[in-house]
S.K.: 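Structure incoming, see below.
In what follows, chains carry the letters A, B, and so on, assigned in the order in which the sequence lines appear, proteins first and then strands, with residues in each chain numbered from 1. Here the structure is a predicted model, which is why all the values come from computation and not from measurement.
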Amino acid sequence: MGTITVSGKTIEVDEEGYLVNRTDWNEDVAKEMAKADNCDLSQNHWEVLNFLREYYDEYQIAPAVRVLTKAIGKKLGPDKGNSKYLYELFPYGPAKQACKYAGLPKPTGCV
Amino acid sequence: MSEEMEGGTVKKFLYVNRKAPYGTIYALESLEVVLIGAAFEQDVSLAFIDDGVYELMKGQNTKGIDMKNFSPTYRALEGYDVEKLYVEKESLDARGLAEADLIVPVKVISAREMTDLMAESEVVLSF
Amino acid sequence: MLHTVNKTPYERNSFDSCLAHARKGDAVLLIEDGVYAAMKGTAPAKKLEQAAKAVAIYVLQPDVEARGIAGRIMDGVKLVDYAGFVDLAAEHPTVQAWL
């Protein structure tokens, strides 16, 4: 268990950096987590993060990479729904890294 | 994962769900195993019999019991290519339920057909 | 005496056994998976209807809502919240949990 500080507020994260309470999330939390990884969040990043948050709201799980890739392709087109594109945005793994920034738990089955 | 499975055989998996949600952990555990197992790209079917049919009830709201409502996750199964959900008619009838009460599209089958489905399966995981 | 039942009547016989041993003036509170027994139009609901002539029947509302059966509880059954559960336990000198 650890903490991160976002705009002066202390927020709990687990040992891998995922939020302990999903309700602590806001855009600044995502930016702060990304900054720690030397990642500057672009519009393309946000598109994926917002997609993940919507997915979680609807299904109450973080999708597996395969499922995320397919679903992104369906919504945003094949040039974005492929692992090359998603891994370029999130080199630590689209599900793992993006889910973390989006304030979601680690995807089920992701070790 | 898919690379490792290349050339591997696809087997018929059947997950049998027989428990009501929330009272025990079986229903949630089963769902998680199905989601994890989906990565192996097998031929997966889900069976809901006995109290397992309660897992799929529409309108669940767990705020008052401080547990996670995992019923919406059944609707994510399609995205995981888990599309064969079978519900036993006799189990629904005994509990005063109908297909329209369920949160996902399913195939309602008789106990006899369920028996055949079990017999045809190569791997049966029971929860 | 207050009786509680927390399993479905299809999975265990604790519901039937409880009703068979409840005396006039007792209260039966269905909790957790026990609440399914109070669903309208089912065989257990018929048994409850009979029992309700001598025994007060309650169901725990948070458990009812969690399971998506809020609109389908039979008539003659009272919904209680956690505070109501505590009141029932306090009103009755003995509580028997049928597990």
S.K.: Using a cut-off of under 4.5 Å for heavy-atom pairs, which of C:K40, C:M39, C:K7, C:R72 has the most such pairs with chain B?
M.R.: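 Going by pairs under 4.5 Å, I would pick C:R72.
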
S.K.: Do you know the tightest heavy-atom contact between B:G64 and C:P62?
M.R.: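 Scanning both residues completely, I find the closest heavy atoms to be O-CB, 3.6 Å.
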
S.K.: Chain B contacts: which residues in residues 82-99 of chain C have a non-hydrogen atom closer than 4.5 Å to it?
M.R.: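 Residues in range: C:Y82.
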
S.K.: What residue pairs, at least two apart or across chains, pass salt bridge (charged side-chain N to carboxylate O under 4.0 Å, His left out) with a residue in residues 47-59 of chain B?
M.R.: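 As it turns out, the salt bridge (charged side-chain N to carboxylate O under 4.0 Å, His left out) pairs with a partner in residues 47-59 of chain B, which skip direct neighbours, are B:R18-B:D50, B:D51-B:R95.
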
S.K.: State the OG1-CG distance between C:T42 and B:D93, to the nearest 0.5 angstrom.
M.R.: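 It is 12.5 Å, given to the nearest 0.5 Å.
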
S.K.: Would you say B:R75 has more than 12 foreign heavy atoms packed within less than 6.0 Å of its CZ?
M.R.: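 Yes, CZ of B:R75 has more than 12 neighbouring heavy atoms, counting only those of other groups under 6.0 Å.
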
S.K.: For residues 23-37 of chain B, run the donor-acceptor check on the side chains, cut-off 3.5 Å, and write out each pair with its distance to 0.1 Å, sequence neighbours left out.
M.R.:
residue : atom : partner : partner atom : Å
B:S30   : OG   : B:N17   : OD1          : 2.6

S.K.: Flag yes if more than 12 heavy atoms outside B:K107 fall under 6.0 Å of its NZ atom; otherwise flag no.
M.R.: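 Open: at most 12 neighbouring heavy atoms sit under 6.0 Å from NZ of B:K107.
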
S.K.: Report, as yes or no, whether the 6.0 Å neighbourhood of atom CD on B:E83 holds more than 12 heavy atoms from other residues, nucleotides or ligands.
M.R.: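 Yes, CD of B:E83 has more than 12 neighbouring heavy atoms, counting only those of other groups under 6.0 Å.
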
S.K.: Is there side-chain contact between B:Y54 and C:T8, with heavy atoms separated by less than 4.5 Å?
M.R.: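 The answer is yes; the side chains approach within 4.5 Å.
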
S.K.: Taking atom NZ of B:K19 and atom CD of C:E11, what is their separation to the nearest 0.5 Å?
M.R.: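 Reported value, rounded in 0.5 Å steps: 5.5 Å.
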
S.K.: Rounded at 0.5 Å granularity, tell me how far CD1 in B:I65 sits from CD in C:E65.
M.R.: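 The CD1 atom of B:I65 sits 10.0 Å away from the CD atom of C:E65.
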
S.K.: If I compare all heavy atoms of B:P21 with all of C:Y36, which pair ends up nearest, and what's the gap?
M.R.: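 Smallest heavy-atom distance, with atoms named: CD-OH, 3.5 Å.
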
S.K.: Is the number of heavy atoms from other residues, nucleotides or ligands under 6.0 Å of B:K11 NZ greater than 12?
M.R.: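 Atom NZ in B:K11 is not packed in, count stays at 12 or less.
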
S.K.: For B:K84, does the NZ atom sit with more than 12 other heavy atoms under 6.0 Å from it, leaving out its own atoms?
M.R.: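 Check passes, neighbour count above 12.
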
S.K.: What pairs of donor and acceptor atoms, side-chain ones from residues 23-33 of chain C against any protein atom, are under 3.5 angstrom apart with sequence neighbours left out?
M.R.:
residue : atom : partner : partner atom : Å
C:D26   : OD1  : C:M1    : N            : 3.2
C:D26   : OD2  : C:H3    : NE2          : 2.9
C:D26   : OD2  : C:R23   : N            : 2.9
C:E32   : OE1  : C:N6    : ND2          : 3.0
C:D33   : OD1  : C:R67   : NE           : 3.0
C:D33   : OD1  : C:R67   : NH2          : 3.1

